[in-house]
Amino acid sequence: MDSVAQRLLQRINAQTWPWVRGVPDEPQAGSLTWEVPHAEIVTAEDKREASFIASQTLHYLRSALDHLIYNASWLDQGAPQEKTQFPILGDRNKWCTQKTIMDLGNMSPKHISWIEAVQPFNNVEWTKTLQALSNADKHRFGVEVSPTVQLGVNVSEAIDDSRSPGVKLAQIERISLRLFLPTLKPYGEIPRTFDEMFIGAASVINPFLEEAGIQTIEVSPAHATASDS
């Protein structure tokens, strides 16, 4: 995802973007619509690549959690358990159903309590986010990432455009790139949204690894996928 962001930032920096234009939309009210007089920087290819990477990442994260249940139930029962998966439930009433018991592979009560503690019905945000994104990705459409270029301007210092009566020009002070997830309401932003899911997943996997004498997972927050230029 960093490589997608860096490619976009290079394309942004190759442009000459000194101004945005304020075009009157209601002359009597004095309001303006601010627009950039340049070609669009973010392409359909950029959106497809970023969305594909996000979809892969969600798949790997869900797979890691499913593998956790499979291996933990195997250790608890002494034999592999069939049709296990990591349940993510927003309804507490579904937790004690036969399906959830099968999903958990008859793990020990202690281990079941560790999984229960991170369920969306316990107001855990990272599993709620993972459920929303992965359900959309699996059942309706690939998860969408929307790369968005944002311009920082000081409209209070705008000047008149001598070539166009009524048009104002404001100097661009900052250009930045944000990677949004429109599937989430309000929009989530990469890397913050994925950081929260990675850190949350490690927090539930690590107690199992520590108990089994296996090295735990360290997750460092991602860095400059949302960069200023």
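Note that the structure is a prediction, hence the values are computed from the model and not measured.
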Do you reckon [X] sits in the same ILVMFWY cluster as [Y], going by side-chain contacts under 4.5 Å, direct or chained?
X      : Y      : value
Ile217 : Phe208 : yes
Met102 : Met107 : no
Trp114 : Ile199 : yes
Ile53  : Leu177 : yes
Val167 : Ile172 : no

Is the shortest heavy-atom distance from the side chain of [X] to the side chain of [Y] under 4.5 Å?
X      : Y      : answer
Thr84  : Asp66  : no
Gln56  : Phe52  : yes
Leu169 : Arg21  : yes
Ile69  : Asp103 : no
Phe180 : Thr193 : no
Asn106 : Asp76  : no
Thr57  : Phe198 : yes
Val145 : Val4   : no

Is it the case that the side chain of [X] and the backbone of [Y] share a donor-acceptor pair, with hydrogens and angles ignored and the cut-off at 3.5 Å?
X      : Y      : value
Ser63  : His59  : yes
Gln81  : Ser73  : no
Lys99  : Cys96  : no
Ser146 : Glu144 : no
Gln77  : Leu75  : no

With rounding to the nearest 0.5 Å, note down the distance linking [atom1] in [X] to [atom2] in [Y].
X      : Y      : atom1 : atom2 : answer
Lys94  : Asp91  : NZ    : CG    : 5.5 Å
Leu130 : Arg62  : CG    : CZ    : 5.5 Å
Glu82  : Tyr70  : CD    : OH    : 6.5 Å
Leu184 : Lys128 : CG    : NZ    : 11.5 Å
Glu49  : Leu8   : CD    : CG    : 9.0 Å

inquiry  = Does Lys83 have more than 12 heavy atoms from other residues, nucleotides or ligands lying within 6.0 Å of its NZ?
reply    =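 Counting neighbours around NZ of Lys83, 12 or fewer heavy atoms of other residues, nucleotides or ligands fall under 6.0 Å, so no.
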query = Charged N to carboxylate O below 4.0 Å: is that the case for Lys168 and Asp161?
reply =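 Not counted as a salt bridge, because no side-chain N and carboxylate O are separated by less than 4.0 Å.
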Quiz: residues 116-125 side-chain donor-acceptor pairs under 3.5 angstrom, not counting sequence neighbours:
residue: Gln119; atom: OE1; partner: Leu89; partner atom: N; Å: 2.7
residue: Gln119; atom: NE2; partner: Pro87; partner atom: O; Å: 2.9
residue: Gln119; atom: NE2; partner: Ile115; partner atom: O; Å: 3.2
residue: Asn122; atom: OD1; partner: Arg92; partner atom: NH2; Å: 2.7
residue: Asn122; atom: ND2; partner: Glu116; partner atom: O; Å: 2.7

task = Take Ile112 and Trp95, measure what side-chain contact (heavy atoms from CB on, under 4.5 Å) needs, and give me the verdict at the end.
result = CA-CA 10 Å; Ile112 290 174; Trp95 181 251; 3.7 Å; yes
inquiry  = The test is side-chain contact (heavy atoms from CB on, under 4.5 Å); show your working for Leu179 and Phe194 and say whether it passes.
reply    = CA-CA 11 Å; Leu179 301 173; Phe194 277 81; over 6 Å; no
task = Ignoring hydrogens and angles, state whether a donor on the side chain of Asp46 or Thr43 is under 3.5 Å from an acceptor on the partner side chain.
result =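 Note: Asp46 and Thr43 side chains meet the donor-acceptor criterion.
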task = Apply the test side-chain contact (heavy atoms from CB on, under 4.5 Å) to residues Trp19 and Ile159: give CA-CA distance (whole Å), side-chain angles for both, the deciding distance (0.1 Å), then the verdict.
result = CA-CA 10 Å; Trp19 306 93; Ile159 63 174; 4.0 Å; yes
key: Verdict with reasoning, Leu32 to Val155, per side-chain contact (heavy atoms from CB on, under 4.5 Å)   = CA-CA 10 Å; Leu32 301 173; Val155 296; over 6 Å; no
Scan the side chains in residues 209-216 for donor-acceptor partners under 3.5 Å anywhere in the protein, sequence neighbours excluded, and list what turns up.
residue: Glu211; atom: OE1; partner: His111; partner atom: NE2; Å: 2.6
residue: Glu211; atom: OE2; partner: Lys110; partner atom: NZ; Å: 2.5

